[in-house]
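Beneath this line is the structure, given in structure tokens, with notes to follow.
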Number of protein chains: 2
Amino acid sequence: MRAPLPAGSTLDAVARAAEVSSATVSRFFNTPKMLSPRTTQRVREAVERLGYVPNLLAGGLASSRTRLVTAVIPEISRSLFASTIQALTDTLAAKGYSVMLGLTGAHEEHAEREILSIIGRRPEGIILTGPTLPPEARRRLKGSDITIIETWDLPAEPIDLVVGFSHEAVGRAIAAHALATGRRRAFVASATGVRALARRYGFAKAMMERGAPEPTVATFESPTTYRHGRAAVAAHLEGGGKPDIIVCSSDWSAHGALDELRRRGIRVPEEIAVIGFGDLDFASDLEPSLTTVTIDGNVIGQKAADFLLRRTQGQRIDNPVVDIGFKLMRRGSG
Amino acid sequence: MRAPLPAGSTLDAVARAAEVSSATVSRFFNTPKMLSPRTTQRVREAVERLGYVPNLLAGGLASSRTRLVTAVIPEISRSLFASTIQALTDTLAAKGYSVMLGLTGAHEEHAEREILSIIGRRPEGIILTGPTLPPEARRRLKGSDITIIETWDLPAEPIDLVVGFSHEAVGRAIAAHALATGRRRAFVASATGVRALARRYGFAKAMMERGAPEPTVATFESPTTYRHGRAAVAAHLEGGGKPDIIVCSSDWSAHGALDELRRRGIRVPEEIAVIGFGDLDFASDLEPSLTTVTIDGNVIGQKAADFLLRRTQGQRIDNPVVDIGFKLMRRGSG
DNA sequence: GTTGCCAATGTAAGCGCTTGCATCTAGACT
DNA sequence: AGTCTAGATGCAAGCGCTTACATTGGCAAC
């Protein structure tokens, strides 16, 4: 046997100090109304005196309620998903849950191992927000009995619960907007990945169905940056492109596009319109302010938390797929 | 008693399937070289057949090694600390550790509760990166036996281990640079918080000691945004300010400052220099490119992971405070 | 053929909690 | 006074692992 876990005394120590049984101390934390005021007081004092902090591992093991939720995202930096994670964490923290982060990175082999290590902690729920997982990992999740929530998309074959929106619909909406404002020659600076692909497809299809020429596409490793936007626009224009609208796969790259156009003395939106994606904090402050697509990441996080909580309370969920939609914010850039 | 934990079979089930004892299966996962090739093979098959995933809760409880590390940050969005967390996670994941996120938010009362819930999971280490914790929370941590690593700063009274740099020194370095390039009338668009305060102080002190007038300061709720930068500059100039250098507490606000100056037809750096903080990905792509302060967040994350791993291996740490320094990147904006 | 040793396994006692069930103590009622 | 009930507490059996210690078998050395 090893040294006891660091950080503190045990339930039993508290029980002895308060001269009650350990079950009573456990109830003090979990079902306080079961205790008489006198006992409550005694236990409270002992807990404070010893600086006792319950061991959630032991508790989780005994009760099979770990109060743990894992959010899986591709990478933490510059993430659109920040607001979702934040909302999720805030909502769940209020209920005593902790949120673990699973960063899968780009490598699929890692994703597999990561999923195992996640399942190993027996979280009560897993929120998938960026990545498309390899099939083996998906199978593992499906077979795991854990509540799985896929977000930021509407997968064709959901694992379990879904809170998202249709990327194809976003593409179509952008096309509708472009055509309605008289644009036809589109340049698309897109990210790699299946979601950007869906937006691109929805956009191109809708454009072409209404007689516009097929958009020119440049793709960049996700997530797209300011630099990508500048570079893409520069390259396209130098290559003789004559777009009247530039569709970017993030507000960052749209920002870069805007700056590159200004540098070249091209007026936005008079000569070329620019559209972003994400409606990040700076979008409305740019000059011209950026037309973009808003997704309410907070709502995604909240609904996901909601789903989870309902599941853990054993309620059944009638409508396992929630489409939270999106909004095209028309601003100065087009 | 309750239903067993979701997600799978137990060590015992695997042991039965492989016709070995549960200890052997445990060794299969933890000390594989102790097993004979034949046994290894048998166990491997049973594990695969049953899709068994070890329960890390039970393992952690039994071994007092949770392989868990918690990173405490104020909020996930737009965080400078992203690279640190990423590096930390990557480094630790390779060793079988998981990283939990603790988001303290702005509220100090929450921080207290959050810390308790973190300690409750018995992580082997806690990385503090954004927030200054309330004293009670600090005391709890100090008394907890858990390895604590404070980052992104050099606290006067460290709890335990430290990987950071001196914000005051950053301020002084900016001042030295400003004076060396002939700037004296500074406007500082700063964030709230003790670190921005230290930078401000270091800057102002160094400026004044060399005969420059006291800088004008405007502060904004942290983290400072593009909008803050624009607004601060606009307000300062409209109020009759005649700075020859604008010092911003983030690259985001510096970016806003740059755009606002351009809008007003003020040339950078000829008339006014602009300096940021953080050297975010877009800093070198702006026009003019942004002079700013680089901190290597990756290195912080790696060193922190290193500290942790060494602690868990029982090595003693001779030099518990690491100053990783910073670099002033001189670019086009001043 | 013994003896000794070591590598490979098994046995079983926890790790620190939760919780079904048993027990006890006070009223409340008859 | 006697019976019931229900609220408050205690008892003890796990939860699924790890690991100190005991046991076994095979082989080199004598």
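Every chain is numbered from 1, with letters handed out A, B, ... down the list of sequences. Just the heavy atoms: all of them, side chains too, but no hydrogens, waters or symmetry mates, feed the values below.
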Exercise for the section: Output the single nucleotide from D/dT9, C/dC17, C/dT19 whose closest atom is nearest the side chain of A/Met34. Expected result: D/dT9
Completion exercise
Taken in chain and number order and not counting sequence neighbours, the residues that satisfy salt bridge (Lys or Arg N to Asp or Glu O under 4.0 Å) with B/Arg44 are none
Handout entry: Between A/Ser98 and A/Arg67, a side-chain donor and acceptor under 3.5 Å
Key = no
Practice task
Check the distance between C/dT11's P and B/Leu11's CG and give it to me in whole angstrom.
Solution key: 15 Å
Exercise for the section: Could you pick out which residue, A/Thr40 or B/Gly59, lies toward the 5' side of DNA chain D when each is mapped onto its nearest nucleotide? Expected result: A/Thr40
Exercise for the section: Classify the side chain of A/Arg122 versus the base of D/dG16 as yes if they form a donor-acceptor pair under 3.5 Å and no if they do not. Expected result: no
Exercise for the section: Rounded off to whole Å, could you give me the CG-to-P distance for the A/Asn30 and C/dG20 pair? Expected result: 12 Å
Handout entry: Validation row, ring centre A/Phe29 to ring centre A/Tyr52 under 6.0 Å
Key = yes
Handout entry: From CA spacing to verdict: side-chain contact (heavy atoms from CB on, under 4.5 Å), A/Val53, B/Arg122
Key = CA-CA 10 Å; A/Val53 182; B/Arg122 302 298 190 266; 4.2 Å; yes
Practice task
Could you tell me whether A/Ser26 contacts a base, only the sugar-phosphate backbone, or nothing, with contacts defined as non-hydrogen atoms closer than 4.0 Å?
Solution key: base
Handout entry: Neighbour count >12 (heavy atoms, 6.0 Å) for atom NZ, B/Lys142
Key = yes
Practice task
Please state how far atom CG in A/Leu61 lies from atom P in D/dT18, giving the value in whole angstrom units.
Solution key: 12 Å
Side-chain donor-acceptor distances from residues 80-88 of chain A under 3.5 Å, at least two apart:
{"residue": "A/Thr84", "atom": "OG1", "partner": "A/Trp152", "partner atom": "NE1", "Å": "2.9"}
{"residue": "A/Thr84", "atom": "OG1", "partner": "A/Gly297", "partner atom": "O", "Å": "3.0"}
{"residue": "A/Gln86", "atom": "OE1", "partner": "B/Ile76", "partner atom": "N", "Å": "3.1"}

Fill in the blank from the handout: Quick note, B/Ala62 side chain, CB onward, closest among D/dC17, D/dG10, C/dA8 is D/dC17
Exercise for the section: Measure from CD on B/Glu19 to P on C/dT9 and round the result to the nearest Å. Expected result: 14 Å
Fill in the blank from the handout: Of the candidates C/dT9, D/dA12, D/dT18, the side chain of B/Thr24 sits closest to C/dT9
Fill in the blank from the handout: Of the candidates D/dA8, C/dT9, D/dG16, the side chain of B/Ala58 sits closest to D/dG16
Problem - Residue A/Leu35, side-chain heavy atoms: nucleotide from C/dT9, C/dC17, D/dT9 that is nearest - result: D/dT9
Exercise for the section: To the nearest Å, give me how far apart CZ (A/Arg67) and P (C/dC17) are. Expected result: 16 Å
Handout entry: Watson-Crick or G-U stems involving DNA chain D, each at least 3 pairs long, distances under 3.5 Å, ordered by first number
Key = C:1-30 with D:1-30
Exercise for the section: Starting at atom CG of A/Leu56, determine the distance to atom P of C/dG16, rounded to an integer number of angstrom. Expected result: 14 Å
Practice task
Report yes if a donor N or O on one partner sits less than 3.5 Å from an acceptor N or O on the other, where the partners are the side chain of A/Arg38 and the base of D/dG7; otherwise report no.
Solution key: no
Handout entry: N or O in side chain of A/Ser21 less than 4.0 angstrom from D/dG10 OP1/OP2
Key = yes
Practice task
Examine C/dT9: is either OP1 or OP2 under 4.0 Å from a nitrogen or oxygen in the side chain of B/Ser36? Give yes or no.
Solution key: yes
Problem - B/Tyr52, nearest nucleotide to its side chain (from C/dT11, C/dT18, D/dC17) - result: D/dC17
Handout entry: Separation of atom CZ in B/Arg65 from atom C1' in C/dG14, rounded to whole Å
Key = 19 Å
Fill in the blank from the handout: Of B/Gln41, B/Arg49, B/Arg42, the one forming a side-chain hydrogen bond (donor to acceptor under 3.5 Å, both in side chains) with B/Glu45 is B/Gln41
Practice task
Decide yes or no on side-chain contact (heavy atoms from CB on, under 4.5 Å) for B/Leu35 and B/Phe28, but give the supporting numbers first.
Solution key: CA-CA 7 Å; B/Leu35 299 192; B/Phe28 171 81; 3.8 Å; yes
Handout entry: Candidates C/dC17, D/dT19, D/dG10 - which lies nearest the side chain of A/Asn55
Key = C/dC17
Problem - d(CZ, B/Arg27; P, D/dC21) in whole Å - result: 14 Å
